[in-house]
Amino acid sequence: MKLYPLLCLLLSCATMFSGCTGKSKKNVHTVDTIALAAAPIFCADSAMQFIVQQCNFGPRVPNTKAHLACGNYLVERFTHYGATITEQKADLMAYNGEVLKARNIIASLNPEQPQRIMLCAHWDCRPWADNDPDANNHRKPVMGANDGASGVAVMLEIARLLQQMPIKLGVDFFCFDAEDYGVAQWEDYTDDTSKSWCLGSQYWASNPHRAGYRARYGVLMDMVGARGATFAQENYSLYYAPSETKHIWKLAHQLGYGRFFPMHKGGYITDDHVPVNEIAKIPCVDIVPHTNHELSNFGPTWHTVTDTPDNIDSNVLKAVGQTILQLIYNENATL
Ligand code: AHN
Ligand code: ZN
């Protein structure tokens, strides 16, 4: 039955009649745009260098020398860019019974300003490349150029630029530890393993570094540098921070990075934004890749020994970094 043409005719009539109400007729072809405050240019080469610097310490697996040295480096860099550092040290029990000497590093700009936003990334590396196609690599640590270093590098570059062009808004850079010690793939767990991930952010959300800490919202950046990455709208983000999520994606499109930010749902990803949303009750968006690859939905280097700086694409860092930098300067313009 050819109902289709009839349906179309009815729909177009409805549209025509609604057009006769006289409301917003002349705006039907204009899309409302986000006003852009003056903002610096995000330097992707600089962000790339911050990835290389972190990786030069070796895999930053908790309880290793590389982890300790890189933590000290992050404190030194954020201090150099004018931030006030709060370190949270805690002994956190991993699922396998290991006690992790964990260290959340929180770097605050304009610490007295009540109007704040939070940027987050994890800085630790996974102790096992358990998604590597070669089983001989499963017990080797992950270098974490993308999974760890990339988000921190984008934050460091933003901190560097904020020192050059200061704002009034408060900005907190959260370097969460012990994100990536989740249950290994070789274990045969049948129960929920989600709490084995994100130990540092779970700790912070239950023990905030300042009593009564609040922020307007947060943005988590996890694995924001891999070649070929695209960032669908993550489902917890859409659930807990719908307006912020849609706004960031719209901003990215307006800045010309639409090909990295498809306007559709990804999946529910267990990540550091979940405790921020569910325990600290601060709306937090996760920018995390959703890539249909046979090895993993996070891309071919995820939890493999190939997660190295040579597989980072600075164009991906640029798309994420410039979008979040613009977001910050726009937020500052509302004060
Ligand atoms: C899960 O694999 C359940 N979540 C991903 C969290 C993660 C690991 N992010 C980076 N590495
Ligand atoms: Zn990981």
Side-chain angles (χ1 to χ4, degrees), residues 47-81 83 85-96 98-107 119-132 137-157 159 173-184 196-204 220-226 271-272 288 298-299 301-312 317:
M48 186 68 210
Q49 287 312 306
F50 288 131
I51 291 178
V52 171
Q53 293 294 318
Q54 291 173 80
C55 290
N56 282 346
F57 292 106
R60 284 81 61 214
V61 173
N63 301 349
T64 66
K65 278 168 67 180
H67 181 266
L68 181 66
C70 185
N72 294 342
Y73 163 77
L74 296 178
V75 170
E76 185 275 327
R77 276 298 86 192
F78 279 113
T79 303
H80 181 80
Y81 298 133
I85 307 294
T86 310
E87 287 199 63
Q88 275 194 318
K89 293 186 179 176
D91 290 347
L92 303 178
M93 174 85 81
Y95 81 91
N96 60 0
E98 273 194 65
V99 176
L100 310 180
K101 294 272 174 203
R103 185 179 182 191
N104 289 332
I105 299 167
I106 302 147
L119 300 185
C120 319
H122 76 91
W123 71 277
D124 62 305
C125 294
R126 184 155 179 78
W128 321 287
D130 58 344
N131 202 52
D132 201 281
N137 292 328
H138 285 182
R139 303 274 174 166
K140 295 178 185 168
V142 176
M143 181 53 83
N146 188 42
D147 191 357
S150 67
V152 173
V154 170
M155 295 202 301
L156 281 169
E157 176 59 8
F173 300 94
F174 286 78
C175 303
F176 287 128
D177 201 354
E179 187 274 346
D180 231 345
Y181 231 96
V183 174
S196 67
W197 305 88
C198 307
L199 300 178
S201 55
Q202 290 186 59
Y203 178 81
W204 174 79
L220 169 64
M221 295 177 284
D222 189 15
M223 307 183 269
V224 291
D271 211 342
D272 289 321
V288 65
F298 300 123
T301 68
W302 181 70
H303 294 180
T304 75
V305 297
T306 65
D307 185 0
T308 49
D310 50 309
N311 288 318
I312 297 293
L317 297 171

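Just so it is clear, the structure is predicted and the values come from calculations on it, not from any experiment.
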(message) Just verifying a value: how many Å separate N311 CG and T306 OG1, rounded to the nearest 0.5 Å?
(response) 5.5 Å
(message) Determine whether D177 and K89 satisfy the following criterion, side-chain contact (heavy atoms from CB on, under 4.5 Å), listing intermediate values before the conclusion.
(response) CA-CA 10 Å; D177 201 354; K89 293 186 179 176; over 6 Å; no
(request) Please test L74 against L156 for side-chain contact (heavy atoms from CB on, under 4.5 Å), starting from the C-alpha separation and ending with a verdict. (result) CA-CA 8 Å; L74 296 178; L156 281 169; 4.1 Å; yes
(request) Would you confirm whether the ring centroid of W197 sits within less than 6.0 angstrom of the ring centroid of Y95? (result) no
(request) Looking only at non-hydrogen atoms, find the nearest pair between Q54 and A149 and report the distance. (result) NE2-O, 3.1 Å
(request) Quick one: sort the F176 and W204 rings into parallel, tilted or perpendicular, breaks at 30° and 60°. (result) tilted
(request) Can you measure from CE (M155) to CZ (F173) and round to the nearest 0.5 angstrom? (result) 7.5 Å
(request) Flag the pair N104 / F174 as yes when at least one side-chain heavy-atom distance between them is below 4.5 Å, and no otherwise. (result) no
(request) Start with the C-alpha distance between L317 and I312, add both sets of side-chain angles, then the distance that settles side-chain contact (heavy atoms from CB on, under 4.5 Å), and finish with yes or no. (result) CA-CA 8 Å; L317 297 171; I312 297 293; 3.8 Å; yes
(request) For residues V288 and F298, determine if any side-chain heavy atom of one lies less than 4.5 Å from a side-chain heavy atom of the other. (result) yes
(request) To the nearest 0.5 Å, tell me how far L220 CG sits from D271 CG. (result) 4.5 Å
(request) Quick one: closest heavy-atom pair of I105 and G71, and the distance? (result) CD1-O, 3.7 Å
(request) Please name all residues satisfying side chain to side chain donor-acceptor pair (under 3.5 Å) with K101, sequence neighbours left out, ordered by chain then number. (result) D91
(request) Nearest 0.5 Å please: distance from the OG1 atom of T301 over to the CG atom of D310. (result) 10.0 Å
(request) For the residue pair L68 and N63, establish whether any side-chain heavy-atom pair is separated by less than 4.5 Å. (result) no
(request) Of all the heavy-atom pairs spanning V305 and N137, show the shortest one and how long it is. (result) CG2-ND2, 3.6 Å
(message) Side chains of C120 and D272, heavy atoms from C-beta outward: is any pair under 4.5 Å?
(response) no
(message) Restricting to non-hydrogen atoms, name the atom on A102 and the atom on A178 that form the minimum distance, rounded to 0.1 Å.
(response) CB-CB, 4.4 Å
(request) Can you see which heavy atom on A145 is nearest to which on I51, and at what distance? (result) O-CG2, 3.8 Å
(message) Determine whether D307 and M223 satisfy the following criterion, side-chain contact (heavy atoms from CB on, under 4.5 Å), listing intermediate values before the conclusion.
(response) CA-CA 10 Å; D307 185 0; M223 307 183 269; over 6 Å; no
(message) Does any part of the side chain of V75, heavy atoms only, come nearer than 4.5 Å to the side chain of R103, both counted from C-beta?
(response) yes
(request) Can you see which heavy atom on C125 is nearest to which on P62, and at what distance? (result) O-CD, 4.0 Å
(message) Looking at D132, is its backbone amide N or carbonyl O close enough to the side chain of H138 to form a donor-acceptor pair, meaning the two atoms are under 3.5 Å apart?
(response) yes
(message) What's the separation between atom NE2 in H122 and atom CG in L199, rounded to the nearest 0.5 Å?
(response) 12.0 Å
(message) Assess, by modelled atom type and distance only, whether the side chains of R77 and Y73 contain a donor and an acceptor separated by less than 3.5 Å.
(response) no
(request) Find the distance between CZ (R60) and CE (M143) and round it off to the nearest 0.5 Å. (result) 6.5 Å
(message) Just checking W123 against H67, ring centres under 6.0 Å apart?
(response) yes
(request) Could you check if a side-chain atom of S201 sits within less than 4.5 angstrom of a side-chain atom of E179, using non-hydrogen atoms only? (result) no
